[in-house]
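Here's the structure we're looking at; comments come further down.
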Amino acid sequence: MIKYILIVFSFLTVSLNAQHTVSGTFSPAKKYPWLLVYKLDPYTLAFAQDTPIKNGKFSITFPKTSTKGTYRFVYGLPQDEFYFDVIYNGTENIEFSFEATKGVSFITSEDNKIYSSYFREINKQEQKILNFYSAKKTDRKEFKTLTEELNKIQTSFELQSKDCLSHSFIVANNPYIPANYESSNDYLLHKKEAFFRKLDFTNTTLQHSRFLSDKIFNYLQLSSNLEQNSISKAEKSGRLKQVSTQLKGTKDAFKTQIFYTLWQQLTNIKDNSAADYIYDSYLKNLALKLKKETIIKTIEIHQKLRFGAIAPEITWNKGADEKKLSNLKGADHYVVVFWSSGCPHCLKELPSLQKGIKGISKVTTLAIGLEDNAINWTKESGKLPDFKHALALGKWDSKYVGMYAITQTPSYFILDKNKKIVAKPEDYKGVVSFLNKK
């Protein structure tokens, strides 16, 4: 059984006088059955449309009431991983193709073509400058050619986009361009100092997109030295203080969105110290002020479940005795699996798990059944004699669903001998593979 949690949106009425369409193709067709589209907005969640993708093709009509801005196209789960963003300027139809290995390519929509071409070319040219330094070159003529080309690209696209929605993004992204040759350390220092020069955090077009949060994330990761990519905690906290200063004058809802997105990005790269600093110094107080309890709950659950954290306590009864996860002893690794006797996928995976780890020494498996009652669980758990079993009545309302952020069954956690979380495999094969390497 799989239980997905989707964002709930407020609906907009589709007008019969709708003005523009967005259409496209997805390849491979069988991989993409549906599409969810909504406008990015730091203050509200406004639903645009959801639609099936049939034979790799879809078409939606934007209501006349749809406003210009950045729209997110979600094509899979989890939603914060399988998506791409599209500019809608309110004046043109949009057509694109999407391939799993290539991403999105625009067939029509000058605005989106300019936007994607600009970032492709400007990023490529900036990388050439970094490559120049990495190769330890000092040829001033070559350096001047590289910087002149960078300036040419920026100027050209600012002119091309003058009457487009993409113009705000292109101007705001204006990179640091040295007037003369300078060392790599000076280049990176000046690049960092000039980072916010063109960024306008009050610009609503930029606010209604991921552009600003992505720019800040890049600022936090910007190397201070090409020879030393790591950034100290002190340096990163100093940069976050600078970000907070830049956000002064913006609404608390926008600040919350920025810091929460940054927290998610840092968490994804396992930079827990910076993520914790954001939460403790800025995000928690903002979330409390705006009564965003979901943000606080999500972060605090994550902190309890991240690698290196001691697994939350699990208790169960065996006869008259109460058992605890924390009291289990004698193993080098503990596998905690949440399952359900009414889940066909579980009934296939757990016997395979039992078989797969049978020859691996010092492994204890604790299987927690999320159940409505004990009848079927008793029957099915009896087929897994190598496991320790715990019954959690209430199924999806069980306290362990929230405690362990369970969104599907089966869900796996691997703990070390001290009950610290060391892995979260996607399936039983991942569990067996991890344990075989130890």
Side-chain angles (χ1 to χ4, degrees), residues 1-4 31 76-78 81-82 268 270 301-302 304-318 323-372 374-393 395-396 398 400-401 403-438:
M1 178 181 293
I2 297 177
K3 182 180 181 182
Y4 291 120
K31 189 175 180 180
L77 294 170
E81 182 177 346
F82 297 101
N268 288 340
K270 298 180 175 58
I301 287 175
H302 176 270
K304 293 176 181 178
L305 295 177
R306 67 191 180 193
F307 293 157
I310 295 176
E313 186 67 283
I314 298 172
T315 62
W316 69 98
N317 292 322
K318 187 173 182 180
K323 302 292 184 178
K324 293 183 178 181
L325 170 63
S326 60
N327 288 341
L328 294 178
K329 296 179 180 179
D332 289 337
H333 288 96
Y334 296 87
V335 177
V336 178
V337 53
F338 293 88
W339 70 296
S340 172
S341 62
C343 161
H345 196 53
C346 298
L347 298 182
K348 291 181 180 179
E349 280 222 3
L350 266 66
S352 297
L353 174 66
Q354 180 175 246
K355 182 180 179 180
I357 63 177
K358 198 172 188 67
I360 304 175
S361 62
K362 293 191 175 182
V363 174
T364 295
T365 300
L366 173 61
I368 299 94
L370 303 176
E371 307 288 344
D372 290 321
I375 298 173
N376 201 45
W377 172 80
T378 301
K379 173 187 173 183
E380 295 299 337
S381 61
K383 299 175 183 178
L384 304 164
D386 293 352
F387 297 169
K388 294 183 181 298
H389 291 279
L391 175 63
L393 293 174
K395 207 166 187 176
W396 292 109
S398 163
Y400 297 120
V401 169
M403 190 181 294
Y404 277 83
I406 305 300
T407 58
Q408 66 181 42
T409 55
S411 286
Y412 301 96
F413 296 82
I414 300 179
L415 320 179
D416 67 11
K417 62 182 179 180
N418 297 313
K419 312 302 188 317
K420 291 182 179 180
I421 299 171
V422 293
K424 303 175 189 177
E426 290 293 322
D427 53 28
Y428 84 91
K429 292 180 181 178
V431 175
V432 175
S433 176
F434 180 91
L435 294 173
N436 273 322
K437 293 177 182 178
K438 297 300 174 180

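Any value given below was found using the heavy atoms of this structure, including those in side chains, with hydrogens, waters and symmetry copies removed. Computed from a prediction, not measured in an experiment: that's the story for all the values here.
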query = What distance separates Thr365 OG1 from Lys388 NZ, expressed to the nearest 0.5 Å?
reply = 10.5 Å
task = Could you check if a side-chain atom of Tyr400 sits within less than 4.5 angstrom of a side-chain atom of Ile406, using non-hydrogen atoms only?
result = no
message = How close do Ser381 and Thr378 get, counting heavy atoms only, and between which atoms?
response = OG-O, 3.3 Å
inquiry  = If you apply the rule side-chain contact (heavy atoms from CB on, under 4.5 Å), what do you find for Lys358 with Asp386, and how did you get there?
reply    = CA-CA 8 Å; Lys358 198 172 188 67; Asp386 293 352; 2.9 Å; yes
ask   = Is any side-chain heavy atom of Pro385 less than 4.5 Å from a side-chain heavy atom of Gln354?
value = yes
request  = Look at the aromatic rings of Phe434 and His333 and report parallel, tilted or perpendicular, splitting at 30° and 60°.
outcome  = perpendicular
query = Does a side-chain heavy-atom distance below 4.5 Å link Lys383 with Pro351?
reply = no
inquiry  = A side-chain contact here means heavy atoms from C-beta on lying under 4.5 Å apart; do Leu350 and Val337 qualify?
reply    = yes
query = Under 3.5 Å, is there a donor-acceptor pair between the side chain of Ser411 and the main chain of Thr407?
reply = no
task = Please tell me if the side chains of Phe338 and Ile314 come closer than 4.5 Å, counting only heavy atoms from C-beta onward.
result = yes
task = For Asp372 and Trp377, run side-chain contact (heavy atoms from CB on, under 4.5 Å): C-alpha distance rounded to whole Å, both residues' side-chain angles, the deciding distance at 0.1 Å, then the answer.
result = CA-CA 9 Å; Asp372 290 321; Trp377 172 80; over 6 Å; no
Could you pull out all donor-acceptor pairs under 3.5 Å where a side-chain atom in residues 412-419 meets a protein atom, sequence neighbours excluded?
residue	atom	partner	partner atom	Å
Tyr412	OH	Glu349	OE1	2.5
Asp416	OD1	Asn418	N	2.8
Asp416	OD1	Lys419	N	3.1
Asp416	OD1	Lys420	N	2.9
Lys419	NZ	Leu328	O	2.6

key: Residue pairs, two or more places apart or on separate chains, that pass salt bridge (Lys or Arg N to Asp or Glu O under 4.0 Å) and touch residues 423-432   = none
message = If you count heavy atoms of other groups shown closer than 6.0 angstrom to CG of Leu393, is the number above 12?
response = yes
task = Could you tell me the separation between the CD atom of Glu81 and the CG atom of Asn268, rounded to the nearest 0.5 Å?
result = 8.0 Å
task = Begin from the C-alpha positions of Tyr404 and Leu305 and carry the test side-chain contact (heavy atoms from CB on, under 4.5 Å) through to its verdict.
result = CA-CA 7 Å; Tyr404 277 83; Leu305 295 177; 3.8 Å; yes
inquiry  = Please find the pair of heavy atoms, one from Gly342 and one from Asn376, that lie closest to each other, and give the distance.
reply    = N-ND2, 4.4 Å
request  = Calculate, to the nearest 0.5 Å, the distance between atoms OH and CG belonging to Tyr334 and Leu366 respectively.
outcome  = 10.5 Å
task = Write down the atom of Met403, the atom of Glu313, and the distance for their closest heavy-atom approach.
result = SD-O, 3.6 Å
request  = Flag the pair Glu371 / Ser340 as yes when at least one side-chain heavy-atom distance between them is below 4.5 Å, and no otherwise.
outcome  = yes
remark   = Minimal heavy-atom distance between Val432 and Ile360, with the atoms involved, is O-CD1, 4.4 Å
inquiry  = Does Leu347 form a side-chain contact (heavy atoms from CB on, under 4.5 Å) with Glu380? I'd like the steps, not just the answer.
reply    = CA-CA 8 Å; Leu347 298 182; Glu380 295 299 337; 3.7 Å; yes
task = Determine whether Tyr428 and Ile357 make a side-chain contact, defined as any pair of heavy atoms from C-beta on separated by less than 4.5 Å.
result = no
inquiry  = To the nearest 0.5 Å, what is the distance between CG on Leu353 and SG on Cys346?
reply    = 11.0 Å
query = So do the side chains of Phe387 and Trp339 get within less than 4.5 Å of each other, counting heavy atoms only?
reply = no
ask   = How close do Lys395 and Leu370 get, heavy atom to heavy atom, and via which atoms?
value = CG-O, 3.5 Å
note = Hits for ring pair (Phe, Tyr, Trp, His ring centres under 6.0 Å) against His389, two or more places apart or cross-chain, chain-then-number order -> none
inquiry  = Can you give me the closest heavy-atom contact between Leu325 and Ala311, atom names plus distance?
reply    = CD2-CB, 4.1 Å
